[in-house]
Novice: 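Can you keep this structure in mind? I'll have questions shortly.
Each chain gets a letter, A, B and so on, in the order the sequences are listed, and its residues count up from 1.
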Amino acid sequence: MIQITGLTKVHRRGRAPALLDLTFDARPGVVTALLGAEGAGKTTALRLMVELERGQGITLFDGRTYRRLRRPERQVGVLLPTAGGDAAAGGGHPGLKARAHLRMLAGAVGVPAARADELLEQTRLAGVAGHRLRSFSPGMHRRLALAVALLGSPGTLLLDAPTEGLSPRNVEWFHSFLRSFTVSGGTVLVTTRTPQEAAVLADRVVTLDQGRLVADQPVAEFRRTRLHPEVSVRGPQMARLADLLTEQGHQVRRDGGVGLAVSGLGRTEIGELAYRHGILLHELADRVVEQPVPHPSLPTASGRSGHVLLNPPDAPGRNRDDTRPQPQFGQSGLPEQADQSGQPAERPEEQTLVAQLTAATIATATAAPERPLRAVSLSGHQLFRDEVPESSTVRPISRPVTGPDHRSE
Amino acid sequence: MRVLAYEVRRLRGLRSTWLILAAVLLADAAVAVVLARQLPAGQLGTAAAVRCVTAVVPLLPLPIAALGAGALGALSYGHEVRYPGLPAGRVSYRRRLGLLVAKLAATGVLAVLLAAATVLLDAAVLRLLHAPGARVAALFDPASAGFAEVLRPLVFFVGLTALAGWAGLLVTSLVRSAAAGLLILCAVPALLEPVLSLLLRQSGRVWPAQLRELLPFQYGLDLVRGADAQQLEVSAALDGTLLAAVSVPAVLLLLAGLLAQIRRRAL
């Protein structure tokens, strides 16, 4: 169990913080992924967790901070890129042989040298163990670093971009390894850049954007909201098809010159619709795209910051208002606003205020009774898929948000 | 104990350790060969014998073995800076101190071994090369009177080598770069020796003979000045003030190294 509370890192006074008030939990038996683009603060967060950097906030590993752990190597395995940021360096002296490197660190951890050889076998490096690290590829370095993290047989893993540079085969191996690790009750926190990998790898996805937590979701919800299944349709009469689809209340956007991207409706249904109206189709294909704008943040449901439920709003809130671009509703709904109408704030000055006061929001939400909030974030013409009216019953992939089951923990 | 195991395995696994050791011993042997060839025939003077055995080259700031030990110490710390080990060993002050102490111990032992190997190797070279040989043997015979006179500088030499190794390590811990640490280590004796000898002369003393023979910079100066260097060949005992003068910088260096660790997040 890793409890992360309020991690904050300000590199220079007056600059935007590299990390602002990151709070979430990584539970045992669960892979938690920290998702974010380059520079979102993932590595900084990990370095703050093990106190390699100065910053604010506290990370507890089973109730103790990292430096207060009795045997940190035996409890927490850490994979971090080297200080130079050189991925190929991987943390080992280039003149050392892989076996010597691992045995040396085994000495520091206090495990027998046989454990190092065993891990070389496990990470499929036994064949090249006698070669110097100078000749290792980035993928081999990654695997060696993973072996180092596993040396003390820790119950918790903190891995920074563990699959970066790995070949697909090794990525697969790594995923299965993580599965078996969590099945045996281990806690895993990995960082990743690609949402697709997060969806495959993790059970819980924490999304960071520019140092701020924008979402903390179970993977099912993450898949639904952030990985957005679309059907790409091409043909000569796309304008007509688009009209038909929007009439039925589906989400349609232009995709290139003659294409449409439809979401909220399956391939089969689009095909049938086109057939019934005599529209010629050239292409009809499923695909998964990343939602460009992150989902609004859900206040974390940890015991420390209060348990905040995010439920779909009441009936008036479900009225479709697709054409109007919905305002960015800060990081999460302010309870007062949700009280009034269930509708998001519309005045821009209020929005900026909301955006500035994320932490305050969470605090207020803690104090407020657990009442349904609605947090909606959409950009421009993008439509909120969950608010498709009930008339469209045939929706094989994305289902409407009807219950609090997946949101409450 | 664990950090010691780590440090020993680290030293053993790196090629640079063995290269430095081999290079130092080779250079020592070469210098000893040259010096032994130049020695006059007949009874070997104590000073000349010590210089030959410890392979002291004029104008080098320190004996070769001490330089090698300093390089090992500097690289030992530089390794941790450039290729840090486990984060667990870096975050807490106690653990960093433990690693520092382990490094000091390993470097010290290695330096002592290196010094001993140097002395043995060069003694063998001297014995083989110095012409008739009979006179040399007397110096290295434990029963002879001259033995104690030769032994004391040799003990100093071993101590100097260990001190150089530690200084290399601690200086590198302050500047966090092996190359810079080694350069500073080379520069310090060249600066310190003349200042110290000036101070000593002011107070009416001279360098004790045991140290004069080992500090090549001073020896080099004497060599350049030529004849009048012979007049200074007064054997002064190594009294307390001089010991203090030598040990105060060492203790200050150690304290600075420990203090520098307090505010750091990495070694």
Novice: Does A:T191 use its side chain to pair, donor to acceptor, with the backbone of A:A161 at less than 3.5 Å?
Specialist: yes

Novice: Using a strict threshold of under 4.0 Å (side-chain N to carboxylate O), is an ion pair present between A:D25 and A:R204?
Specialist: no

Novice: Look at A:A100, A:A108, A:G95 and state which one has the largest set of heavy-atom pairs under 4.5 Å with chain B.
Specialist: A:A108

Novice: Has A:T187 got a side-chain atom pairing as donor or acceptor with A:T156's backbone, closer than 3.5 angstrom?
Specialist: no

Novice: Specify which of A:L105, A:V78, A:L151, A:V148 makes the most heavy-atom pairs with chain B at under 4.5 Å.
Specialist: A:L105

Novice: If you count every heavy atom of other residues, nucleotides or ligands that lies below 6.0 Å from A:Q210 atom CD, does the total exceed 12?
Specialist: no

Novice: Is A:K42 salt-bridged to A:D160, cutoff N-O under 4.0 Å?
Specialist: no

Novice: Output the residues of residues 7-23 of chain B for which the shortest heavy-atom distance to chain A is under 4.5 Å, in residue-number order; output 'none' if no such residue exists.
Specialist: B:R9, B:R10, B:G13, B:L14, B:R15

Novice: With chain B, which of A:K97, A:R68, A:R71, A:R99 has the greatest number of heavy-atom pairs at distances under 4.5 Å?
Specialist: A:R71

Novice: If the threshold is 4.0 Å, N to carboxylate O, is there a salt bridge linking A:R142 and A:E164?
Specialist: no

Novice: Go through the atoms of A:V109 and report whether side chain, backbone, both or neither lie under 4.5 Å from a heavy atom of chain B.
Specialist: both

Novice: Using modelled atom types only, decide if a donor and an acceptor are shared between the side chain of A:T23 and the backbone of A:G6 within a distance under 3.5 Å.
Specialist: yes

Novice: Do the rings of B:H79 and B:Y83 sit parallel, tilted or perpendicular, given the 30° and 60° boundaries?
Specialist: perpendicular

